Amino acid sequence: MCGIVGYVGPKSTLDVLIGGLRRLEYRGYDSAGVSVISPTGHLETRKKAGKLVNLVAEIEEHPLPAAHIGIGHTRWATHGAPTDGNAHPHLGGQTQKLSLIHNGIIENFAELKAELLAEGTSFASETDSEVAAHLIAREFEKTGDLPSAFASVVVRLHGAFTILVIHEDQPDVVLAARRNAPLVIGLGDGENFLGSDVAAFVEHTKRAISVGQDEIVILRADSVEVRTFDGKTVTHEEFTVDWDASAASKGGWSSFMAKEIADQPQAVADTLMGRLNSDGSVRLAEIDGLSHEDIKNLERIIIVACGTASYAGDIAKYGIEKWSRIPVQVELSHEFRYRDPIINKNTLIVAISQSGETMDTLMAIRYAKELGAKVLAICNTQGATLARESDAVIYTHAGPEVAVASTKALTAQITAGFLLGLFLASIRGAVPAAELQRVGLDLLKMPGRVSHVIEGLKQAERLGAEMANAKSVLFLGRNVGFPVAMEGALKLKELAYIHAEGFAAGELKHGPIALIEEGQPVIVIVPSPRDEDSLHPKVISNIQEIRARGAKVIAIAEEGDNQVSSYAENVIFVPECETLLAPILTVIPLQAFALALSTAKGLDVDQPRNLAKSVTVE
Ligand code: AGP
């Protein structure tokens with residue numbers, strides 16, 4: 001959580017910093033702040049609680065000097081309430097010449113603070129971060145060598161951090177350090193950038209370098225040096241950012257979420273591109289690192305992920321198991337890591353993450369790797385820590401997802417999960433190739449079907465807006481529809497702040513049916529009537545059971561399902577497809593429903609309260 005940006009170069013630093021923070025605001029929006037060093041060598045700082053607009057207003061009222069070096073921060077509060085005082089940057093030292101921003105948590109801050117308090121240092125905030133500012137300033141005052149003062153302090157910090165520092169007495173350099181939190185360098189011509197992710201600087205340069213774990217960056221306008229914490233110079237390969245700055249702007253839409261829902265046909269198409277042959281067979285060059293022998297020897301797949309990404313895993317599990325016959329278990333990363341799971345070299349860990357920076361998921365894969373498992377990432381962000389630390393990566397090409405609520409990343413993750421399932425199955429040979437190719441050919445048709453669903457979202461939007469006063473909404477599904485139900489509920493909780501639960505429809509009579517009372521809205525994901533396991537009649541019976549107790553039912557059903565309309569007040573139809581692929585379609589009306597309900601309540605759909613896009617602390 002928290003977004004950081006740093007700049008040194010000839011452009012207006014304030015414009016670069018504010019532009020970067022605007023693109024990083026999804027990472028946290030409790031407060032924002034910037035520090036710059038003026039050409040006359042003065043450090044100046046402005047910071048303000050609340051969203052970036054408050055900081056912009058503050059700077060209009062108290063302008064900053066033109067500058068060619070600076071740092072900026074947008075905060076998701078951990079230590080200390082979201083106040084002006086706790087906003088970053090924090091100043092360090094008696095002379096307050098050093099400015100620091102921090103993303104992460106310094107776990108041993110209490111002990112370090114006690115050391116500083118004993119020396120008489122006074123603190124201006126309740127944050128853990130301010131400790132680091134004073135420590136670095138203190139070391140610099142002793143030695144006059146900023147990079148070594150910086151290095152001597154960062155090695156003392158425990159926990160997760162990306163830290164950026166500038167100092168009035170060294171006005172040409174930004175120092176940065178990274179441990180367990182993201183940091184990317186943007187390489188320009190006579191200018192250089194730092195950011196939590198490439199969004200911070202993509203409008204200025206597409207050339208980027210990911211900083212490794214426990215590394216320090218010494219950034220000047222004309223040079224970039226990367227060292228390990230123990231002082232060895234390292235070089236990293238440069239990569240080219242493959243999306244345009246305009247992809248991370250609203251482009252006329254009312255919200256990023258609305259735009260990202262509409263982006264889904266492209267997100268699914270781009271994720272399929274180059275991976276499905278015209279005969280429906282799958283090629284996944286990305287996982288060449290896993291030999292056919294490795295794949296044949298696999299005994300188990302464990303998918304680790306959090307939130308919406310974990311529902312993508314739940315959905316992919318149905319396909320991977322059915323086609324490859326490899327047992328799959330899906331685990332929330334934070335639960336997996338701490339329960340002593342059974343893993344060996346024949347276990348494949350599949351980690352799913354849009355950001356590739358979710359700390360719980362990173363901790364899970366690190367643990368699994370220690371135990372000898374191979375890790376395959378399904379990730380949307382180039383250069384992310386997850387991608388770098390995994391043995392192989394299938395990138396979802398959804399483009400930048402800015403709204404906190406995940407939409408297009410999810411449909412791209414499901415698509416990638418199905419591609420993986422078909423690929424593994426083609427090597428394992430448990431299911432005839434013709435059956436796999438039939439599914440592959442159907443997968444190729446999904447982008448067109450997603451477009452069709454999006455063109456028909458008016459009904460879901462109307463129903464969402466009509467339910468603005470609902471106190472609770474329940475979601476039911478069976479089989480692949482069950483994780484879709486859970487995702488529908490999560491969207492509503494995070495966007496509309498109302499109680500919502502997703503249940504397996506078969507579980508209804510084991511407890512949840514007691515929640516049904518007159519007028520209770522229930523959204524039911526109805527399986528295809530063509531489904532060979534006859535789940536359709538079972539779900540129709542479930543609908544009858546809840547309607548008999550007063551539920552108001554909205555069904556998401558397949559076009560041509562003639563029965564369902566007699567049982568539900570409202571039916572939203574989605575196109576026919578292979579039954580296991582249906583979640584790519586059925587989840588979309590639920591996204592639109594939550595967006596419309598939240599909008600009708602007058603809430604901020606892109607930046608819901610208490611949340612941040614990337615959860616980079618455990
Ligand atoms: C979904 O709408 C959420 N914002 C959240 O559950 C998210 O999917 C989760 O935090 C995982 O993020 P990741 O994909 O970046 O790892």
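Indexing begins at 1, ligand by ligand and atom by atom, following the structure's order. Remember, predicted model here, so these are calculated numbers, not experimental data.
- Here E466 pairs with R462 in a salt bridge; the nearest charged N to carboxylate O distance falls below 4.0 Å.
- Those atoms of ligand 1 that come under 4.0 Å of a heavy atom in K491, given as number and element, are 1 (C), 2 (O).
- In summary, K369 and E389 do not engage in a salt bridge, as defined by a charged side-chain N under 4.0 Å from a carboxylate O.
- Of the charged side-chain nitrogens involved, none lies within less than 4.0 Å of a carboxylate oxygen, so that E25 and R22 do not count as a salt-bridged pair.
- Interface atoms of ligand 1 facing C306, defined by a heavy-atom separation under 4.0 Å, are 8 (O), 9 (C), 11 (C).
- T361 does not count as a contact of ligand 1, since none of its heavy atoms falls under 4.0 Å from the ligand.
- Taking a cut-off of under 4.0 Å to the non-hydrogen atoms of S355, the atoms of ligand 1 that pass are 13 (P), 15 (O), 16 (O).
- For ligand 1, the atoms sitting less than 4.0 Å from at least one non-hydrogen atom of S406 are 1 (C), 2 (O), numbered in the order shown with element in parentheses.
- If you check which protein heavy atom lies closest to atom 10 (O) of ligand 1, you get V615 CG2, 4.2 Å.
- The CZ atom of R337 sits 12.5 Å away from the CG atom of L362 when rounded to the nearest 0.5 Å.
- Near A309, the atoms of ligand 1 lying under 4.0 angstrom from a non-hydrogen atom of the residue are 8 (O), 14 (O).
- At least one cation-pi condition fails for R75 and Y29: the charged atom is not both under 6.0 angstrom from the six-membered ring centre and inside a 45 degree cone around its axis.
- Residue L490 has no nitrogen or oxygen atom sitting less than 3.5 Å from a nitrogen or oxygen atom of ligand 1, judged on distance alone.
- Residues passing the salt bridge (Lys or Arg N to Asp or Glu O under 4.0 Å) test with E357, sequence neighbours excluded: none.
- Numbered from 1 in the order shown, with element, the atoms of ligand 1 that lie under 4.0 Å from a heavy atom of G307 read 6 (O).
- By the 4.0 Å N-to-carboxylate-O rule, R178 lies too far from E215 to be salt-bridged with it.
- Closest protein heavy atom to atom 14 (O) of ligand 1: Q354 N, 2.6 Å.
- With sequence neighbours left out, T579 forms a side chain to side chain contact (heavy atoms under 4.5 Å, CB included) with S528, D531.
- Ion pairing of E487 with K491 is present here, as a side-chain N (NZ or NE/NH1/NH2) and a carboxylate O approach within less than 4.0 Å.
- Considering only non-hydrogen protein atoms, atom 7 (C) of ligand 1 sits nearest to T308 N, 4.1 Å.
- Remark: minimum distance from atom 4 (N) of ligand 1 to any protein heavy atom is reached at V404 O, 2.8 Å.
- Residue contact annotation: E357 has no non-hydrogen atom under 4.0 Å from ligand 1.
- For atom 2 (O) of ligand 1, the nearest protein heavy atom (residue, atom name, distance) is E494 OE2, 2.3 Å.
- Residue A405 approaches ligand 1 through these ligand atoms, each under 4.0 Å from one of its heavy atoms: 2 (O).
- Checking only distances, T358 does come within under 3.5 Å of ligand 1, N or O to N or O.
- Salt-bridge annotation for D30 and K51: absent, with no side-chain N of the basic residue lying under 4.0 Å from a carboxylate O of the acidic one.
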